[in-house]
Structure formats: structure tokens, C-alpha cells
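What follows is a single structure, written as C-alpha cells, with notes after it.
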Amino acid sequence: MRQPAMFKIHIVNWMNRKAYQAHLERYFRIRHQIYIEERNWRQIERPIPFEIDAFDTEHTIYLIGIDDDGNIAGSSRLVPTTEPHLLSVVFPMLTEADPPKGPEIFEWTRFFVSPPLRISGKSSLAAGVVLCGLLEASLVLGVTQISVVCEAFWPNRLRKLGWSVQQLGPVLDHPDGCILALLINVSADALAATRAAYGLDEASVLANA
């Protein structure tokens, strides 16, 4: 028997951000906890307990997992490639050609699952909900492709889920680990395969869907 999602993914943008003000504050605090305190990304450290960078702008879309008690369970961030983004500004060397750009191409960053919902040594159900939310929200928003700068283990992980993934260039030995750039095709087939991989039912993981 397939199981329902543990929480719902909320699409938060510049227009509705005031309704999510408290959640966004907690979201940036969790990002600080994960990326600064846990992963030790000192290059992005700031003298405040929030992790906010140059790509948190009025154009950014946050896909925030919120449970019935109002807790943040996980998240992803989408940045339009028609605006400055991580691959075009910081890591253009990860592409053999120009970084892919277009109104239907968004960059995926800041994927995380809140520490209490992680499972040591494997991908948790919560991760599956966040990944399904990324694909489902992208389909709703008209996003056809997603670029991402990620650790070198991600291509195999995503292909095993049934995602169509293209590596855009070389692997870079970075202080935070070996990284590379990918271009991912968004499709209903990838969403269905991801649901199946995590044993999720076919109900939408999006809030108010």
C-alpha cells in the first residue's frame, strides 16, 4: 500500500511572501544551521544566524515543506535563469558552453531535509516528498528544465529515480567537495517514477493543489 506525503510543499514567491513571513524566517535559520553550522560552508557565512545569499531576491521561488504543526520539513529553491544565478555568476566554468538560460529554465539550489526527518545512510521519505514537490511545482509553473550545481553523486542518484539528466561540463574539485553542473528535464514521467521510488501515492504533494 502506498503512503501519503508527510507534509505539503508550499510555493512561496514575492507576491505571497507576507503570508509566509514567519516560515521564511525559520527557513533561513534552518539554512544557516545546515549549510554554515553543519556543512561548514564558511564562504557564505554572515554575522547573523540566517543563510541568505545574492540569489534570494524578488525573483526567487521557494518550495517549502510545511507539516500540519507548522514545522519546516524540507525545501528547494528555484531561481530564474533569466536573472543572475549560481551557475552563470559563480560557476560558469562548470559548463562547456554558455550556461543554459531561458524563461522556462530555472536553477535548483538549497535542497534540504530538516535534520529530524533524515535517515542515516539512505534517502528518507521526506526527501522523496521534497523531490516530488520540485517536479510537481515545476510542472505547475511551466518550468521545462532545471539546471543545478551539485555534488558529484547526484547524477547517478537522479537517474536511478528516472530523471533525464545531462552533465554540462567538467567536475570541479571545490573546497566544499567535488561539484558539477546538470541540466534536468522536467516531466510527468519523472514525477511518476519518483513517487513510485519512494512509495508515495498519486495525490499532489502541493498545498492547495
Side-chain angles (χ1 to χ4, degrees), residues 9-21 23-32 34-36 39 41 43-46 48 50-66 72 74-112 130-151 154-155 158 163-170 172 174-176 179-187 190-191 206-207:
I9 302 295
H10 295 246
I11 301 174
V12 182
N13 56 31
W14 188 254
M15 299 299 294
N16 68 358
R17 71 193 186 284
K18 290 184 179 179
Y20 289 93
Q21 185 172 352
H23 288 100
L24 283 169
E25 181 177 332
R26 291 198 295 273
Y27 162 79
F28 288 118
R29 285 184 181 274
I30 293 172
R31 274 178 40 178
H32 186 278
I34 291 172
Y35 296 106
I36 307 299
R39 299 191 185 181
W41 287 9
Q43 293 179 328
I44 59 172
E45 186 176 12
R46 301 290 185 272
I48 55 174
F50 298 94
E51 195 276 291
I52 300 174
D53 66 17
F55 310 113
D56 292 301
T57 72
E58 67 270 26
H59 306 290
T60 305
I61 298 172
Y62 303 99
L63 307 177
I64 304 179
I66 304 173
I72 293 178
S75 187
S76 289
R77 179 177 71 172
L78 289 174
V79 177
T81 58
T82 53
E83 299 293 330
H85 55 286
L86 189 67
L87 185 57
S88 67
V89 174
V90 182
F91 295 112
M93 74 290 291
L94 293 178
T95 61
E96 294 177 348
D98 291 335
K101 296 180 183 180
E104 297 179 348
I105 305 174
F106 276 62
E107 183 178 67
W108 173 32
T109 56
R110 295 303 189 267
F111 164 81
F112 70 80
V130 176
L131 291 172
C132 285
L134 170 68
L135 292 173
E136 191 176 346
S138 295
L139 289 168
V140 168
L141 295 168
V143 177
T144 61
Q145 291 182 306
I146 298 168
S147 63
V148 60
V149 175
C150 58
E151 293 94 337
W154 273 100
L158 296 177
W163 295 29
S164 174
V165 174
Q166 173 191 353
Q167 186 171 329
L168 296 174
L172 176 66
H174 188 264
D176 296 321
I179 59 173
L180 47 77
L182 302 176
L183 186 64
I184 299 164
N185 293 325
V186 176
S187 70
L191 174 57
L206 300 182

Is there side-chain contact between [X] and [Y], with at least one heavy-atom pair below 4.5 Å?
{"X": "Ile11", "Y": "Ile61", "result": "yes"}
{"X": "Leu139", "Y": "Val186", "result": "yes"}
{"X": "Cys150", "Y": "Leu180", "result": "yes"}
{"X": "Leu191", "Y": "Cys132", "result": "yes"}
{"X": "Phe55", "Y": "Val89", "result": "yes"}
{"X": "Phe91", "Y": "Met93", "result": "yes"}

Notebook entry, point to check: Below 4.0 angstrom, N of the basic side chain to O of the carboxylate: do Arg31 and Asp56 qualify?
Noted result: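 The answer is yes: the pair qualifies as a salt bridge.
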
Return the minimal non-hydrogen interatomic distance between [X] and [Y], and the atom names on each side.
{"X": "Val90", "Y": "Pro92", "result": "C-CD, 3.2 Å"}
{"X": "Ile72", "Y": "Ile30", "result": "CB-CD1, 3.7 Å"}
{"X": "Ser187", "Y": "Ala190", "result": "OG-N, 3.0 Å"}
{"X": "Pro155", "Y": "Leu182", "result": "CG-CD2, 3.7 Å"}

Rounded at 0.5 Å granularity, tell me how far [atom1] in [X] sits from [atom2] in [Y].
{"X": "His10", "Y": "Leu206", "atom1": "NE2", "atom2": "CG", "value": "9.5 Å"}
{"X": "Glu107", "Y": "Lys101", "atom1": "CD", "atom2": "NZ", "value": "11.0 Å"}
{"X": "Arg110", "Y": "Tyr62", "atom1": "CZ", "atom2": "OH", "value": "10.0 Å"}
{"X": "Ile146", "Y": "Leu134", "atom1": "CD1", "atom2": "CG", "value": "4.0 Å"}
{"X": "Leu63", "Y": "Leu78", "atom1": "CG", "atom2": "CG", "value": "5.0 Å"}
{"X": "Ser164", "Y": "Leu158", "atom1": "OG", "atom2": "CG", "value": "10.5 Å"}

Notebook entry, point to check: Can you name the residues that form a side chain to side chain contact (heavy atoms under 4.5 Å, CB included) with Asn16, not counting sequence neighbours?
Noted result: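 Asn16 satisfies side chain to side chain contact (heavy atoms under 4.5 Å, CB included) with Val12, Asn13, Tyr20 once adjacent residues are dropped.
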
Margin query: I'd like to check the side chain to side chain contact (heavy atoms under 4.5 Å, CB included) partners of Thr144; sequence neighbours left out, ordered by chain and number.
Written below: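 Testing Thr144 for side chain to side chain contact (heavy atoms under 4.5 Å, CB included), a comparison that skips the adjacent residues, returns Glu104.
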
Notebook entry, point to check: Which residues satisfy the ring pair (Phe, Tyr, Trp, His ring centres under 6.0 Å) test with His23, sequence neighbours excluded?
Noted result: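 His23: no ring pair (Phe, Tyr, Trp, His ring centres under 6.0 Å) contacts found.
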
Checklist line | ring pair (Phe, Tyr, Trp, His ring centres under 6.0 Å) involving Phe111 - partner list, sequence neighbours excluded | finding: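 Expected list: Trp108, Trp154.
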
Next item on the list: Enumerate the residue pairs fulfilling salt bridge (Lys or Arg N to Asp or Glu O under 4.0 Å) with a member in residues 84-96, sequence neighbours excluded, ordered by first and then second residue.
Entry: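 Listed by first then second residue: nothing to list.
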
Notebook entry, point to check: Does Gln21 CD have over 12 foreign heavy atoms under 6.0 Å away?
Noted result: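 Not more than 12 within 6.0 Å, no.
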
Can you give the donor-acceptor pairs under 3.5 Å from side chains of residues 80-88 to other protein atoms, not counting sequence neighbours?
| from | atom 1 | to | atom 2 | distance (Å) |
| --- | --- | --- | --- | --- |
| Thr81 | OG1 | Gly102 | N | 3.0 |
| Thr81 | OG1 | Gly102 | O | 3.1 |
| Thr81 | OG1 | Ile105 | O | 2.7 |
| His85 | ND1 | Glu83 | O | 2.9 |
| His85 | ND1 | Ser88 | OG | 3.2 |
| Ser88 | OG | His85 | N | 3.2 |
| Ser88 | OG | His85 | O | 3.1 |

